[in-house]
Amino acid sequence: ATLFVLAAQTAVAQGVIKGDPAKAQQIVTQLCVACHAADGNSPAPVNPILAGQHPEYTEQQLKLFRAMVRTNPIMQAQAVALTDQDIADLAAYYRQQNQTGLEADPSLVQAGERLYRAGDPARGIPSCKACHGPAGLGNGPARWPLVRAQHSLYTYNQLKNYANRARYVAVQGQPSPPAQAEMMYD
């Protein structure tokens, strides 16, 4: 699985497969719309907003679901039949969509911003901006996702999964990818 992930990351980095957003329409209608909405702005707070997401990140995560390395039975079942081209097309499609809505709870903004920008060393929480940037726009080539305007419940659940090492599974004794993110919680 680790070799698969490295090969997938290399292929994405080299731009071997280019996505065509128009070709993703049928896949979105058949597989994605129920949970993520047609434009990637999921109305369900447990599902991520995919609109505007970096294609490198989307491709990586779909390939990890397909390889049964990223844990989520629903997404694993959806991704298993996708080809590399389907994944590239979906990633390109969601990148073109615009995020809508979602503003932070005004009563939590200051505390959240402090935690996002500086972390909390006393509790072992790293700064979020180090990877996701000062505005939460992520870093596509490094496969750090756009987190701005993401559902708070989805974000909370994923941070708990990282902290508990439950977001990815190790395969045949290999560390769970992407290990660099989970190592921050050591």
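Because only heavy atoms are used, hydrogens play no part in the values below, and waters and symmetry mates are left out as well, while side chains stay in. Here, residue 1 is the first one in the sequence, and each next residue gets the next number. Just so it is clear, the model here is predicted, and its values are computed rather than measured.
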Output yes when a side-chain donor or acceptor of S127 lies under 3.5 Å from a complementary backbone atom of G119, and no otherwise.
-> no

What closest approach, in Å, do Y154 and V46 show between heavy atoms, and which atom pair accounts for it?
-> CD1-O, 3.3 Å

Is the side chain of D86 donor-acceptor paired with the backbone N or O of T83 at a distance under 3.5 Å, no angle test?
-> yes

Would you find a donor on one side and an acceptor on the other, under 3.5 Å apart, between the side chain of S42 and the backbone of I49?
-> no

Could you go through the side chain to side chain contact (heavy atoms under 4.5 Å, CB included) check for D84 and R66 one step at a time?
-> CA-CA 10 Å; D84 285 350; R66 184 177 66 187; 2.6 Å; yes

Hey, does the side chain of R148 reach the backbone of A135 with a donor-acceptor pair shorter than 3.5 angstrom?
-> yes

Are side-chain heavy atoms of C32 and L90 found at a separation under 4.5 Å?
-> yes

CD (E59) and CZ (R143) are apart, to the nearest 0.5 Å, by 8.5 Å

Donor-acceptor pair, N47 side chain versus C35 backbone, under 3.5 Å?
-> yes

Over all heavy atoms of both residues, which pair between L64 and Y168 is shortest? Give the atoms and the distance, please.
-> CD1-CE2, 3.5 Å

Listed pairs under 3.5 Å, donor-acceptor, residues 19-30 side chains, sequence neighbours left out:
residue: D20; atom: OD1; partner: A22; partner atom: N; Å: 3.0
residue: T29; atom: OG1; partner: Q25; partner atom: O; Å: 3.0

Note: E56 and G140 closest approach over all heavy atoms is CB-O, 3.1 Å

If you take all heavy atoms of R123 and L115, which pair is closest and at what distance?
-> NH2-CD1, 4.1 Å

Would you say L82 and K63 make side-chain contact, with heavy atoms under 4.5 Å?
-> no

Please confirm whether the backbone N or O of A51 pairs with a side-chain atom of D39, one donor and one acceptor, at under 3.5 Å?
-> no

So, does Q96 use its side chain to make a donor-acceptor pair with the main chain of A91 at under 3.5 Å?
-> no

Where the side chain of H36 meets the backbone of P48, is there a donor-acceptor pair that is under 3.5 Å apart?
-> yes

Under a single-linkage definition using a 4.5 Å side-chain heavy-atom cutoff for Ile, Leu, Val, Met, Phe, Trp and Tyr, are L31 and L50 assigned to the same hydrophobic cluster?
-> yes

Answer yes if M75 and Y93 sit in the same cluster of Ile, Leu, Val, Met, Phe, Trp and Tyr residues linked by side chain heavy atoms under 4.5 Å apart, and no otherwise.
-> yes

Of all heavy-atom pairs between A79 and L62, which one has the smallest distance, and what is that distance?
-> CB-O, 3.7 Å

Test side chain to side chain contact (heavy atoms under 4.5 Å, CB included) applied to V80 and M68, step by step = CA-CA 8 Å; V80 73; M68 307 298 173; 4.2 Å; yes

Answer yes if V147 and Y94 sit in the same cluster of Ile, Leu, Val, Met, Phe, Trp and Tyr residues linked by side chain heavy atoms under 4.5 Å apart, and no otherwise.
-> no

Mind checking who shares a hydrophobic cluster with L137, ILVMFWY linked at side-chain heavy-atom distances under 4.5 Å?
-> L146

Grab the two heavy atoms, one from P145 and one from Q53, that are nearest each other, plus how far apart they are.
-> CA-OE1, 3.4 Å

Considering only heavy atoms from C-beta outward, does the side chain of H54 approach that of R95 to under 4.5 Å?
-> yes

Other residues, nucleotides, ligands: >12 heavy atoms within 6.0 Å of L153 CG = yes

